Number of protein chains: 2
Amino acid sequence: METQNEQQKASIQSLEWRGDHLRILDQTFLPSRTVFSDLRDVGRVWDAIKKLRVRGAPAIGIAASYGFYMGLKDVADENFSSFWIEVQRIAEYLGSSRPTAVNLFWALDRIKNSIYAIKDKPIPEIKEHVLKIAKTIHDEDRRVCKQIGLNGQTLIGKKAKILTHCNTGSLATSEFGTALSMIYHAHIGGKNIHVWVDETRPLLQGARLTAWELTQAEIPMALITDSMAGFLMKQGKVDLIVVGTDRVAANGDMANKIGTYSLAVLAKAHNIPFYVAAPLSSMDMSISSGDEIPIEERDGKEIYEIGGSKIAPDRIPTYNPAFDVTPAELITAYITEKGIIKPDFATNLKALF
Amino acid sequence: METQNEQQKASIQSLEWRGDHLRILDQTFLPSRTVFSDLRDVGRVWDAIKKLRVRGAPAIGIAASYGFYMGLKDVADENFSSFWIEVQRIAEYLGSSRPTAVNLFWALDRIKNSIYAIKDKPIPEIKEHVLKIAKTIHDEDRRVCKQIGLNGQTLIGKKAKILTHCNTGSLATSEFGTALSMIYHAHIGGKNIHVWVDETRPLLQGARLTAWELTQAEIPMALITDSMAGFLMKQGKVDLIVVGTDRVAANGDMANKIGTYSLAVLAKAHNIPFYVAAPLSSMDMSISSGDEIPIEERDGKEIYEIGGSKIAPDRIPTYNPAFDVTPAELITAYITEKGIIKPDFATNLKALF
């Protein structure tokens, strides 16, 4: 199974179901140490999500699904009504681990609905069904990520120099990731690529996580500060840019990690393609434009404190938006599991749904 | 002397000659502690420059000048030829403290030439002359910085929101600085300004030094990561950008701290004026364009280590240019001690010299 081996080498498994428990790659130790943790009950899963040992919206949804199964496994089998009370209690408990994570609630609701749909079956059978759904959620994400990578790698030249921002890889998903999946698949396909990794201040997901993933996969790369991207483009050292997204509006505007908008403007000024990898689940057709996407402002500590050391005067005022909005006209194409979507996005995104 | 008081409040003295010794504000303790050090001999001055206790090209030149005087003060007065040997020895010694600093050699050469020009005078008189030149170099820088500020503040509106990069203030010069001098003088003049301070990765001069200076002067400000500047512009939160420069070419291209080029492209895309504060001493008419300016690449440690903690995997490849080059067409105007220079720069810069 050569292809399988190649893939193993190219992509880290951040989550793995091992018969009766979930093994996770604990992201709080990265990049200095690679620590896997075995989570054997729902409490440990709750804790892992809470403490960001698992992060990235798809990865959180998957972990919670397995946690749901482990929480239900030892509940008494007598009757459905007492079982159902436990189902609701566990869903609420897991939901409290990271209350803003959309994928978490989506996964919990999906499992609750499936349980209720077969409420007349024997309870042991229902329990096994929950594990099956958890595995399905995991598998579906794996397929979506892989397909985005396969679709997107066609846009990457044989010797492409690719710039990326934040972490959109295996650590945030089941496997391969979204934007990073394009890069993994170009590499697996034998292309001689080089990746520029934006460190991604303030939380340094590029430096801590993407640089680590690419190093593991032996994909040639170099770490830069966010402020260097423009100068690289000016020197002709960037052939294309690939990023992920948190939410796409119906007109093709999209929100992503702070710094993405600047990259898109710089890409346009240098005539460099700017691609956004986006599973259909991140497209929100109920929102007409990016103006309607609320921008979360986070604690200034993320800016003035790094790894426990203060880099600026005490009580300094800051402005710390976690995301920015990139307008549709700066985006060359969206890469989805259903194919590559080009402008006019308003029309072409609508056609997908 | 109300004006004097206002200025005292608005600008830190990073260097002060106190009759028989030099007092410096030790920048290695900033921003957590404000420590002044009294340097009473040439060895201490050498050490202060070497260890970046004094930094910024003009500030280094001034400190070295006073150090030169302190080094010569106790040299035997017998005859000029033995005195001259000491002059050369001390100049060489001070020059070894920071071999790439242009202002350092410029100051040392100026003093050496002045000594030689009066070699027939009594040696005690020559020594006093050296102190006088050191004070002149200090005063000249003060006048240049102040005049840049006075000239430049006319470009700043009454409620301007100004974005700046790196540290171009009192800490890098005798007083007020260059780009920051425009900001200080707008504030002293009663304008109700707000300053966005780019943290300026990798070495964080914005977060560590500019944020500290503006806090001391009670000028309203907020610290941001470099990646946030574009999104601020998009939201209409930036009225103008002011930066300094390390070297201006005859055609108006210029080199400055990495990240400056990206800001200039973003400014153009958002129709925001992009001003460069530049003493005439930073203009190099021997260089026809920015392509001829060599770009120093520095150690990757500056990127993957912050305040002693590692933010990326070990032995990660990096790219770390310390400067970038901004082409003339992205620059709205140069602010000099001789006035505001607008395009066509090739013609108008030449006319200055």
Side-chain angles (χ1 to χ4, degrees), chain A residues 30-32 165 196-202 204 206-208 211-212 215 220-234 237 257-266 268-270 295 300 303-304 306-321 324-325 327, chain B residues 30-32 165 196-202 204 206-208 211-212 215 220-234 237 257-266 268-270 295 300 303-304 306-321 324-325 327:
Chain A
L30 291 175
S32 54
H165 194 66
W196 299 110
V197 178
D198 267 2
E199 65 175 2
T200 317
R201 283 279 287 146
L204 296 163
R208 292 189 299 113
W212 182 85
T215 303
M221 58 140 293
L223 180 64
I224 58 169
T225 67
D226 305 321
S227 59
M228 291 168 190
F231 187 49
L232 281 175
M233 294 184 212
K234 184 180 177 233
K237 292 181 174 172
K257 185 66 57 204
I258 188 71
T260 303
Y261 170 71
S262 289
L263 288 179
V265 172
L266 287 161
K268 184 97 168 183
H270 294 87
I295 299 297
I303 295 182
Y304 62 71
I306 303 178
S309 58
K310 283 250 174 71
I311 60 154
D314 273 337
R315 292 181 297 278
I316 196 88
T318 57
Y319 172 59
N320 185 18
D324 57 29
V325 175
Chain B
L30 290 175
S32 54
H165 195 66
W196 299 109
V197 179
D198 266 3
E199 65 175 3
T200 317
R201 282 280 287 146
L204 296 163
R208 292 189 299 112
W212 182 84
T215 303
M221 58 140 293
L223 180 64
I224 58 169
T225 67
D226 305 321
S227 60
M228 291 167 189
F231 188 49
L232 282 175
M233 295 184 212
K234 182 177 178 236
K237 291 182 175 173
K257 185 66 56 202
I258 187 71
T260 304
Y261 170 70
S262 289
L263 289 179
V265 172
L266 287 160
K268 184 98 169 182
H270 295 87
I295 298 297
I303 295 182
Y304 62 70
I306 303 177
S309 58
K310 283 250 174 71
I311 60 155
D314 272 338
R315 293 181 295 279
I316 195 90
T318 57
Y319 172 59
N320 185 17
D324 57 28
V325 174

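Below, chains carry the letters A, B, ... as their sequence lines are ordered, and counting in each starts from 1. Worth knowing before you read on, the calculation uses all heavy atoms, side chains too, and leaves out hydrogens, waters and symmetry mates. Just so it is clear, the structure is predicted and the values come from calculations on it, not from any experiment.
- In this structure, CG on A:Leu232 lies 10.0 Å from CG on B:Asp324, to the nearest 0.5 angstrom.
- Counting heavy-atom pairs closer than 4.5 Å to chain A, the top residue among B:Gly230, B:Gly259, B:Pro313 is B:Pro313.
- Within the model, atoms OH of B:Tyr304 and CG of A:Leu204 stand 15.0 Å from one another, a figure rounded to the nearest 0.5 Å.
- Of the atoms belonging to B:Ile316, it is side-chain heavy atoms, and not backbone ones, that fall under 4.5 Å from chain A.
- Contact annotation for B:Ser32: neither backbone nor side-chain heavy atoms come within less than 4.5 Å of a heavy atom of chain A.
- Residues B:Thr225 and A:Asp226 form no side-chain contact, since every pair of their non-hydrogen atoms from C-beta on lies 4.5 Å or further apart.
- Looking at B:Asp314, neither its backbone nor its side chain comes within 4.5 Å of chain A, counting heavy atoms on both sides.
- Looking at B:Ala269, only its side chain comes within 4.5 Å of chain A, counting heavy atoms on both sides.
- Using a 4.5 Å cut-off between heavy atoms, B:Phe231 touches chain A through backbone and side chain atoms alike.
- With respect to chain B, the highest number of heavy-atom pairs below 4.5 Å among A:Lys310, A:His165, A:Met221, A:Lys268 belongs to A:Met221.
- Of the listed residues A:Val197, A:Thr215, A:Thr318, the one with more heavy-atom pairs under 4.5 angstrom with chain B than any other is A:Thr318.
- Side-chain contact between A:Pro202 and B:Met228 is present, with heavy atoms from C-beta onward closer than 4.5 Å.
- Taking each heavy atom of B:Ile303 and A:Ile224 in turn, the nearest pair found is CD1-CA, 4.3 Å.
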Apply side chain to side chain contact (heavy atoms under 4.5 Å, CB included) to residues A:Lys234 and B:Val325 and explain how you reach the verdict.
CA-CA 9 Å; A:Lys234 184 180 177 233; B:Val325 174; 3.8 Å; yes
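- Within the model, atoms CD of B:Glu199 and CZ of A:Arg201 stand 4.0 Å from one another, a figure rounded to the nearest 0.5 Å.
- Contact record, A:Ser262 with B:Ser227: OG-O, 3.9 Å, taken as the closest heavy-atom pair.
- Only the side chain of B:Ile295 comes within contact range of chain A, with heavy atoms under 4.5 Å apart.
- For the set A:Lys257, A:His270, A:Met233, the count of heavy-atom pairs under 4.5 angstrom toward chain B peaks at A:His270.
- Here the closest non-hydrogen pair linking A:Pro31 and B:Ala312 is CG-C, 3.4 Å.
- Heavy atoms of B:Leu263 lying under 4.5 Å from chain A are absent altogether.
- The choice from B:Ser309, B:Pro321, B:Gly206, B:Pro220 that makes the most heavy-atom pairs within less than 4.5 Å of chain A is B:Pro321.
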